[in-house]
Structures are given as C-alpha cells and as structure tokens.
Amino acid sequence: MRDTSLENSLFVRTLGQGTRKVLALHCTIAHSGAWSGLASALNGEATLTAPDMPSHGRSPDWDGRGDLFDLVTKLSAAQLTEPMDLIGHSFGGMIALRLAVEFPHLVRSAVLIEPVFFAIAVQDTPELVRQHHDEAKPVSDAFASGDMEKAARLFNRMWGAQDGPRWPDLPERTRAGMVRGVHVVPAVDDALFKDTKGILDAGVLDRATMPVLILSGSESHPIMPAIGDGLARRLPHAETGVVSGAGHMLPITHPQQTAAVIQSFWAKSS
C-alpha cells in the first residue's frame, strides 16, 4: 500500500485574494511564508497557493527514501487543480519548469526566478560551472563531514549574502529551519547538474508552450543569468528579465521590483 501520509499532511499556505490563481514554489531552506512580501506587492491581483516542501516550514520531514525531485514534483502537481500561473524560485523554479513540461495543460504561464538548472551551464558555460564548484567546495566539504549546521550557514552565505542578513543576524528559529532543510541539497545534485530527469532531452522543453519569464538578480552569481539565457533559448516562448540591485533572493529582498516585472509579463501574456 502506498504511503500517502506526506501528501495528506503537506502544509499549504494561501496568500492574497486576487482573481489570478498562482502556484508559488519556494527555494531550498526557505518556506512558503517567503512569498508574503511578493504577494502583498502584487496588490490584490493574485491568490498564491504556496506549499511547504518536505523538511521545510510546517510540512513533515522527508524520510530520505526514494527520489526527492520526483516527490516534490508530485506533491506540487497535486496543487494544480485547475489551470494556474506558476512562480518558482531557485529549486522551486526547477519544480515549476518540470510542471510546465509535464502538465502544460494546467500551466497558463511560468515565472522562473533563478532556476538552478546547472546542467544548462555544463553545456553552455563550463568555465562558470568550474567556478561555482570551487566556490561551493566548503559547502560540499561540510556535507561530506556531516556538519549540517555548517553546511546551512555556508549555503546561506553563498546564495543569500549578496543582499540578505548574515547568519548571526538571523533569528534562531530561522537558522534552525535552514539546518533542518539543508540535507535536501545533495539529494537533488544529480538532477540539477547531470539532468538525470532528461529535461534537456530532444523535444521535452518543446512541451512548455506557455509564456515563460526567467528572472535573475543583477548582483547574482554569473552562472545564474547564463542558465537563464540558455534556458530561454531552449524554450518555445521564453524571455528573460533582471531585477536591478538584487541577488539570488530577489523575490524576498526586492518584492516590489520583482512584482512589477511579473505584472508586466502577465499583462503581455494574458
């Protein structure tokens, strides 16, 4: 018998009261509440359905069994009860991309905010992948030693330090949540770097026929706009955008500017 306990107990938050129905998928070591600022900045245009990934927020922990990318995709797809717009950030952007190719009839449009599809950079800009690996080595070493607190601290520094608070300045509850969720990072490495799900296989991205916006922050690691540009070239109807002054955490640190770009995109693609 299939265990449905995680599906049945997944925490899902609703933000906003607008007529546009949006599925919002947060980044690793965050939670659904991270969308609060963006939801407010959208000025009543949208209602966001925002689930917490396993091991994040108020959802139960992932037990380490099976394939995490498949599990999160399945749990997110269960929220697509009608055609919706997608917004996904970082790993959440990867889930949104996968939903767009697997359930195109249920996706009106997709906003991918710095999707961490490193396999594109492996093909297009291998020198940036080598740079990223060098910079991420302390994080990898922390995982290898089993020091999850150090891994969370260094992972947060690498991806959130451009425009977010440093580790000592974060509330203890926030730090604890990051430590709790950081074990999912190595669990999806092969899918992100080696494309083990075959998203780059011939014809797969062609299924995502809806309008797609790929957003990056102007101050992010250079691998992120490289991924965004490469993905835009491979999708049928995609464009890129930049939030000036923002780093990787742009929907959290720059919600007004991010909302403005998204609303302009929605207005064009409606």
Side-chain angles (χ1 to χ4, degrees), residues 10-13 15 22-39 41 48-59 62 68-69 71-73 75-76 79 86-100 110-118 132 136 139 143 148 151-165 167 170 174-189 191-193 213-217 219-221 223-225 227-228 231 243 246-255 257-259 261-262:
L10 196 76
F11 178 77
V12 181
R13 188 186 307 261
L15 298 163
V22 177
L23 177 60
L25 304 169
H26 68 78
C27 65
T28 305
I29 69 171
H31 57 81
S32 56
W35 295 112
S36 298
L38 182 66
L48 273 59
T49 298
D52 283 335
M53 280 198 301
S55 295
H56 292 70
R58 301 184 196 176
S59 285
W62 176 50
L68 181 66
F69 196 9
L71 173 64
V72 180
T73 302
L75 293 171
S76 301
Q79 305 301 320
L86 299 182
I87 303 177
H89 177 212
S90 196
F91 180 58
M94 286 301 302
I95 299 299
L97 176 63
R98 197 167 173 195
L99 294 178
V111 176
L112 311 179
I113 304 174
E114 299 219 340
V116 283
F117 202 177
F118 296 107
H132 172 271
V139 183
F143 280 125
M148 292 297 137
R153 175 170 56 83
L154 295 176
F155 185 81
N156 178 69
R157 178 191 297 174
M158 184 169 182
W159 291 108
Q162 300 102 328
D163 47 14
W167 186 261
L170 293 168
T174 301
R175 294 199 300 266
M178 291 180 173
V179 174
R180 174 189 173 220
V182 77
H183 69 104
V184 308
V185 173
V188 296
D189 265 359
L192 303 185
F193 284 91
L213 170 65
I214 306 168
L215 270 181
S216 61
E219 306 308 308
S220 287
H221 192 289
I223 201 170
M224 297 317 303
I227 291 170
L231 182 55
V243 174
H248 184 65
M249 304 306 292
L250 59 105
I252 300 172
T253 60
H254 292 67
Q257 297 95 313
T258 303
V261 180
I262 291 174

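All values below come from the heavy atoms of this structure, side chains included, with hydrogens, waters and symmetry mates left out.
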| field | Aromatic plane relationship, Phe118 with His132 - under 30° parallel, 30 to 60° tilted, over 60° perpendicular | value | tilted
| Separation between CD1 of Ile95 and CG of Leu112, rounded to the nearest 0.5 Å | 11.5 Å
| Any donor-acceptor pair under 3.5 Å from His26 side chain to Met53 backbone | yes
| task | Using the test side chain to side chain donor-acceptor pair (under 3.5 Å), find all partners of Ser55 that sit at least two apart in sequence or belong to another chain. | result | His183
| Can you check whether Leu23's main-chain N or O pairs, donor with acceptor, with Thr49's side chain at less than 3.5 Å? | no
| said: The test is ring-ring contact (aromatic ring centres under 6.0 Å, His included); show your working for Phe91 and His56 and say whether it passes. | reply: CA-CA 13 Å; Phe91 180 58; His56 292 70; 8.8 Å; no
| request: Check the pair His31 / Phe11 against side-chain contact (heavy atoms from CB on, under 4.5 Å), numbers first and verdict last. | output: CA-CA 10 Å; His31 57 81; Phe11 178 77; over 6 Å; no
| request: Would you name the heavy atoms of Pro51 and Leu10 that are closest together and state the gap between them? | output: CB-CD2, 4.0 Å
| message | Pro115 and side chain to side chain contact (heavy atoms under 4.5 Å, CB included): which single residue from Leu231, Leu97, Leu215 fits? | response | Leu231
| said: Does any part of the side chain of Phe117, heavy atoms only, come nearer than 4.5 Å to the side chain of Met94, both counted from C-beta? | reply: yes
| task | Determine whether Leu75 and Pro54 make a side-chain contact, defined as any pair of heavy atoms from C-beta on separated by less than 4.5 Å. | result | yes
| request: Decide yes or no on side-chain contact (heavy atoms from CB on, under 4.5 Å) for Val116 and Val188, but give the supporting numbers first. | output: CA-CA 11 Å; Val116 283; Val188 296; over 6 Å; no
| message | So Ser216 and Glu114, do their side chains get closer than 4.5 Å, heavy atoms only? | response | yes
| query | Less than 4.5 Å apart, any side-chain heavy atom of Trp35 and any of Arg13? | reply | no
| message | Nearest 0.5 angstrom please: Ile113 CD1 to Leu38 CG, how far? | response | 6.5 Å
| field | Minimum side-chain heavy-atom gap Arg175-Arg153 below 4.5 Å | value | no
| Which value, rounded to the nearest 0.5 Å, describes the distance between Cys27 atom SG and His248 atom NE2? | 6.0 Å
| Side chain proximity check, Val182 to Thr28, heavy atoms < 4.5 angstrom | no
| said: With a 3.5 Å distance limit and no angle check, can you tell me whether Arg180 reaches the backbone of Gly57 through a side-chain donor-acceptor pair? | reply: yes
| Test log, rule side-chain contact (heavy atoms from CB on, under 4.5 Å), inputs Val72 and Leu25 | CA-CA 10 Å; Val72 180; Leu25 304 169; over 6 Å; no
| query | Quick one: does Val12's side chain get under 4.5 Å of Ser32's, heavy atoms only? | reply | no
| field | Expected output: side-chain Arg58 to main-chain Asp52 donor-acceptor under 3.5 Å | value | no
| note | Between Val22 and the options Leu15, Leu86, Ile87, the side chain to side chain contact (heavy atoms under 4.5 Å, CB included) test singles out Ile87
